[in-house]
Amino acid sequence: MWLLAAVLTAVCFGINNTLFKWSTRHSMSKQHIQLYFYLVAFIMMVSYGWMNEVLHPSLVSVCLGALVGICNATGNLQMSIAFEKGPASLTAPLIAVNAIFPVLAAGIVFGEHIPLLHWLGILCMLCSVAVIQYTPNEKGNHEYIPWLGHIGVAIISFGAVGVLMKVCSTLGIGSLDVLTAMYGGGSLYLLLRYGKEKGQKQEFRLGATIALFSVIGFSCYFYALNEGIATIVFPVVSLNCLVVVMTGCYIFKEKLKAYQIVGIVTALFGLILTKL
């Protein structure tokens, strides 16, 4: 069941990343979408916890959950900017490499055994980064360096989310407490940054849709970490890039060069190795 939960997490995250990419094509405000997404998700979690009397926040759960929310919001914003500066079918697989950080943390910090196949998978993902980033005849492309910079921040932010989720799981903190604090902390962070700007109804509807998939995805994510093996869960969740790659190629009509296809295949092969 925990492996199925991890796969469902990947599907939900992939759908949300696709929606973020779609919003950039329609000139929507990524800041407003993020704000509405967090606010709606926070209301959903608080309402559920209050009606069922299962919400028991503590100082630790609030602090860790809020930190997860801030890191996740930062990662989403940076990913949205990267989508604007480069193709989704390359941006998504690169950001998926963030799985390296929680996988290493699970082995080094939390004492999970990392088999040789997992290490080979990590090496494949690192090599794929170099291959996918290779862009001949792009010296005059002023968007390339900023694109890589936003991707780098997104990788670190999402990697931190995975590590912090594992910390919460190890400490035995309830998923509802963590997720409520996560959406609450993210909402406060985004309100302080973008709360004064006026949004559109379409942005609210899209943010609410993303909130639904996020709540489902993170609930499954937490369950998978509690019941399964983190070194397998993290790479499986990173397979959400497959959804974005498919939509980038077929819906957004983006084209990949031969060496970029090789890089994507190598990345996916590495992700598969880390879950064997």
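Excluded from the calculations below are hydrogen atoms, water molecules and symmetry mates; all remaining heavy atoms, backbone and side chain alike, are included.
Side-chain contact between F158 and N76: present, with at least one pair of heavy atoms (C-beta onward) separated by less than 4.5 Å. The closest side-chain heavy-atom distance from S219 to L179 is below 4.5 Å. Residues Q202 and M28 are in side-chain contact: their nearest non-hydrogen atoms beyond the backbone lie under 4.5 Å apart. The shortest distance between side-chain heavy atoms of Y48 and V215 does not fall below 4.5 Å. Side-chain contact between N98 and I156 is absent, with no heavy atoms from C-beta onward closer than 4.5 Å. Side-chain contact check for L64 versus V178: every heavy-atom pair is 4.5 Å or farther apart. Looking only at side-chain heavy atoms (C-beta outward), F222 and C168 come within less than 4.5 Å of each other.
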Discussion item. L77 vs L190, test: side-chain contact (heavy atoms from CB on, under 4.5 Å). Steps then yes/no.
Written reply: CA-CA 10 Å; L77 289 171; L190 293 168; 4.0 Å; yes

Item to complete: Mind running side-chain contact (heavy atoms from CB on, under 4.5 Å) on F218 and V161 for me, showing each step along the way?
Response: CA-CA 11 Å; F218 270 104; V161 169; 4.2 Å; yes

Worksheet entry | Stepwise side-chain contact (heavy atoms from CB on, under 4.5 Å) check, M44 with Y183 | CA-CA 10 Å; M44 290 171 61; Y183 292 121; over 6 Å; no

Item to complete: Walk me through it: do T209 and I15 pass the test side-chain contact (heavy atoms from CB on, under 4.5 Å)?
Response: CA-CA 10 Å; T209 302; I15 292 173; over 6 Å; no

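Between the side chain of S157 and the backbone N or O of N72 there is no donor-acceptor pair closer than 3.5 Å. Checked by atom type and distance alone, the side chain of S169 never pairs as donor or acceptor with a backbone atom of M165 at under 3.5 Å. N226 contributes no side-chain N or O that, together with a main-chain N or O of Y223, makes up a donor-acceptor pair within less than 3.5 Å. For S23 (side chain) and F20 (main-chain N/O), a donor-acceptor pair under 3.5 Å exists by modelled atom type. Not one N or O on the side chain of S214 forms a donor-acceptor pair closer than 3.5 Å with the backbone of I210. Of the possible donor and acceptor atoms, none in the side chain of Y38 sits under 3.5 Å from a partner among the backbone N and O of Y189.
Between I173 and S61, the shortest heavy-atom contact is CG2-CB, 3.5 Å. V233 and A224 make their closest contact through CG2-O, 3.7 Å (heavy atoms, listed as atom of the first residue, atom of the second, distance). In plain terms, the two heavy atoms of H56 and E53 that are nearest each other are NE2-O, 3.8 Å. Contact detail for G159 and P102: the closest heavy-atom pair is O-CD, 3.9 Å. Listed here is the closest heavy atom pair of A5 and C220: O-CB, 3.4 Å. Nearest heavy atoms, A82 versus W147: O-CD1, 3.1 Å.
Note that the CG atom of L225 and the OG1 atom of T170 stand 8.5 Å from one another [nearest 0.5 Å]. With values rounded to the nearest 0.5 angstrom, F42 atom CZ is found 9.0 Å from S47 atom OG. Going from atom CG of L35 over to atom CZ of R193 covers 12.0 Å, rounded to the nearest 0.5 Å. Put simply, CD1 on I43 and OG1 on T180 are 12.0 Å apart, with the number rounded to the nearest 0.5 Å. Considering NZ of K30 and CE of M79, their distance stands at 12.0 Å, rounded to 0.5 Å. With rounding to the nearest 0.5 angstrom, the CG atom of L8 is 9.5 Å from the CE atom of M1.
Both L67 and V167 are members of a single hydrophobic cluster when ILVMFWY side chains are connected at heavy-atom separations under 4.5 Å. Note: the hydrophobic cluster containing V62 does not contain L171 (ILVMFWY, side chain heavy atoms under 4.5 Å, direct or indirect links). Both L39 and V46 are part of a single hydrophobic cluster, where members link through side-chain heavy atoms under 4.5 Å apart. Connection of W22 to I81 is not established within any shared hydrophobic cluster, with ILVMFWY side chains joined at heavy-atom distances below 4.5 Å, either directly or through further cluster members.
Partners of F204 according to the ring pair (Phe, Tyr, Trp, His ring centres under 6.0 Å) rule, which considers only residues two or more places apart in sequence or in another chain, are Y36.
With 3.5 Å as the limit, one finds no donor-acceptor pair spanning the side chains of Y194 and S29.
Between F213 and F13, the distance from one ring center to the other does not fall under 6.0 angstrom.
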